[in-house]
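If you read the sequence from its start, that first residue is 1, and numbering goes on from there. We count ligands from 1, going down the list as the structure has it; atoms in each ligand are counted the same way.
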Amino acid sequence: MYISLFCISTLLSVSLRAAGQTSYANDFIDPDFIVAGNFPPNTGGAQTTITAWARNLASRGPWSVMDKQGIPPTGNKHDYLSWAPYWWPDCSGVGNTTALTEQEIWTTCPYRRRDGQFNPDVRTVNDIGNFQELSEAVLYNTLAWAFTKTPSNENSQNAVRFLRIWFLDEATRMTPNLDYAQMQRGPDGQVGSSTGVLDLKGMTKIASAILILRKGQNTDWTADLDAGMVEWCQQYIRWLETAEQALEEASAENNHGTFYYNQLAALKLIVNDNEGAARVTGAYFSGQYQSQIAANGEQPLEAARTRPYHYRAYNLAAMITNARIEKYANPSSTVWNRTSSSGGGIKAALDHAMRFSARDSDEADYAAELYPNIAAVGSIYGDADGAYVAYLKRADPGFSVQPYFLWNQPFAPGEGRALPSARTTASRASATRKSSAGSSSDDDSEENAALSQLIGSNFWSTMRLSLFALSVGLVMF
Ligand SMILES: *[C@@H]1O[C@H](CO)[C@@H](O)[C@H](O)[C@H]1NC(C)=O
Ligand SMILES: *[C@@H]1O[C@H](CO)[C@@H](O)[C@H](O)[C@H]1NC(C)=O
């Protein structure tokens with residue numbers, strides 16, 4: 001069960017990438033950097049990409065917990081719900097199955113695990129995928145607005161409307177708890193799992209956006225909305241700090257623990273409790289972090305998993321996010337210099353992860369997950385020997401038009417000239433098209449296919465983005 005839950009969020013990322021947009025595992029973007037708006041000229045391509053992603057994502061919204069077909073055990077659709085994906089009903093001992101409604105099957109038939117077999121009905125309760133899209137739509141639309149240095153524009157109106165619909169409007173709001181996240185169905189189930197807390201890891205993206213709207217004095221983000229959001233987050237923080245399944249997740253030793261602290265610290269920033277945020281990340285760096293990195297930079301708990309390349313990158317993104325939040329909440333923090341009990345640190349963990357090829361462990365689909373981490377580490381510790389830029393030039397030749405390049409500054413200041421040539425961009429665009437069209441024949445087979453439907457892979461937006469990438473390439477040269 002543990003494994004299945006890890007997969008769902010990573011497969012969501014892969015599917016979003018196939019739809020022409022990469023979903024970063026996690027990130028926190030310093031709102032002061034964005035609001036100041038002093039972006040180096042070589043980030044123009046990244047800004048254009050962000051604006052295109054914002055438009056593409058906005059066309060798919062709004063999102064609400066009311067969109068799902070399944071109903072949580074409370075009978076209240078406002079309650080967040082997601083189902084454990086590899087479990088199937090066995091109604092053989094439950095009498096007249098033809099007379100059972102779907103809802104009765106979910107509650108009366110025992111559910112049994114079929115390893116690696118994704119139950120497609122999980123799609124009908126897509127709060128998880130909807131929240132992920134929401135968090136990214138809100139973030140990219142907020143960034144796209146911030147570039148314009150105006151009090152409001154269509155992007156910020158979208159971001160604010162999406163926030164209002166998911167969190168605040170009476171008719172569509174989510175109840176501030178995850179009681180039914182990654183819920184087991186059947187007569188003995190009907191309760192959420194601790195691992196389901198990971199479903200809302202995108203709260204760091206939402207926090208980044210809200211802080212940018214607030215500090216950038218966006219006129220769509222009214223005092224009423226801000227107060228409503230603060231109240232929602234205070235209630236949800238209470239749940240994260242007291243509910244049994246949340247506390248179990250807080251003590252998870254691996255990436256689940258790391259992401260729990262991402263989420264809680266981000267929420268503290270939303271409720272204007274910077275000290276509280278730094279306390280939360282401090283607890284992580286004195287806690288789980290201590291045993292997550294070996295002296296040589298290996299992350300033993302992640303390396304032991306079925307997809308070691310992915311899990312190293314995944315936990316790194318969460319570690320970096322915790323460090324980013326701490327440094328923002330407490331500028332005098334020396335968090336980037338913190339070492340684990342065996343003397344490892346974030347930079348060592350990245351350097352070690354870079355030694356592995358995704359292809360070697362049959363994880364080619366996950367290769368891009370490491371790239372934002374490389375830029376993030378390079379922007380903090382520098383790139384004295386040029387190893388980080390060299391890696392990205394080889395692995396992700398268009399990296400300077402990727403959104404992560406914008407907020408990972410200063411990184412590779414001379415890279416303005418390294419923008420992809422029209423030819424490279426065109427071949428990347430055609431690779432994107434291919435991966436979209438061929439997503440059902442991926443190695444990851446049925447799970448991947450099921451999840452790309454879950455996310456709603458969108459061929460036309462891929463085409464639009466590909467054309468856009470082409471035109472960026474042509475304009476640059
Ligand atoms: C099973 O349920 C159906 C639909 O309610 C009903 O028509 C049928 O007679 C039932 N069969 C048995 C054996 O109870
Ligand atoms: C780590 O600590 C040293 C010494 O205090 C300091 O010069 C350096 O900037 C710190 N590194 C980071 C990444 O904060």
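Counting heavy atoms from C-beta outward, N373 and I320 have side chains that approach closer than 4.5 Å. For the pair W63 and I165, the minimum side-chain heavy-atom distance is 4.5 Å or more.
Within a 4.0 Å radius of atom 7 (O) of ligand 2, the protein contributes no heavy atom. Within the 4.0 angstrom cut-off, atom 2 (O) of ligand 2 has one or more protein heavy-atom neighbours.
Under the ring-ring contact (aromatic ring centres under 6.0 Å, His included) criterion, F39 pairs with F33, F147, sequence neighbours left out.
Listed by number with element, the atoms of ligand 2 under 4.0 Å from a non-hydrogen atom of I380 are 13 (C). The W336 neighbourhood of ligand 2 comprises atoms 13 (C), 14 (O), with distances under 4.0 Å to a heavy atom of that residue.
Judged by distance alone, the side chains of Y80 and D199 do bring a donor and an acceptor atom under 3.5 Å apart.
Side-chain rings of Y236 and W232 approach one another, their centers coming within less than 6.0 Å.
Of the protein's non-hydrogen atoms, N337 ND2, 2.6 Å is the one closest to atom 10 (C) of ligand 2.
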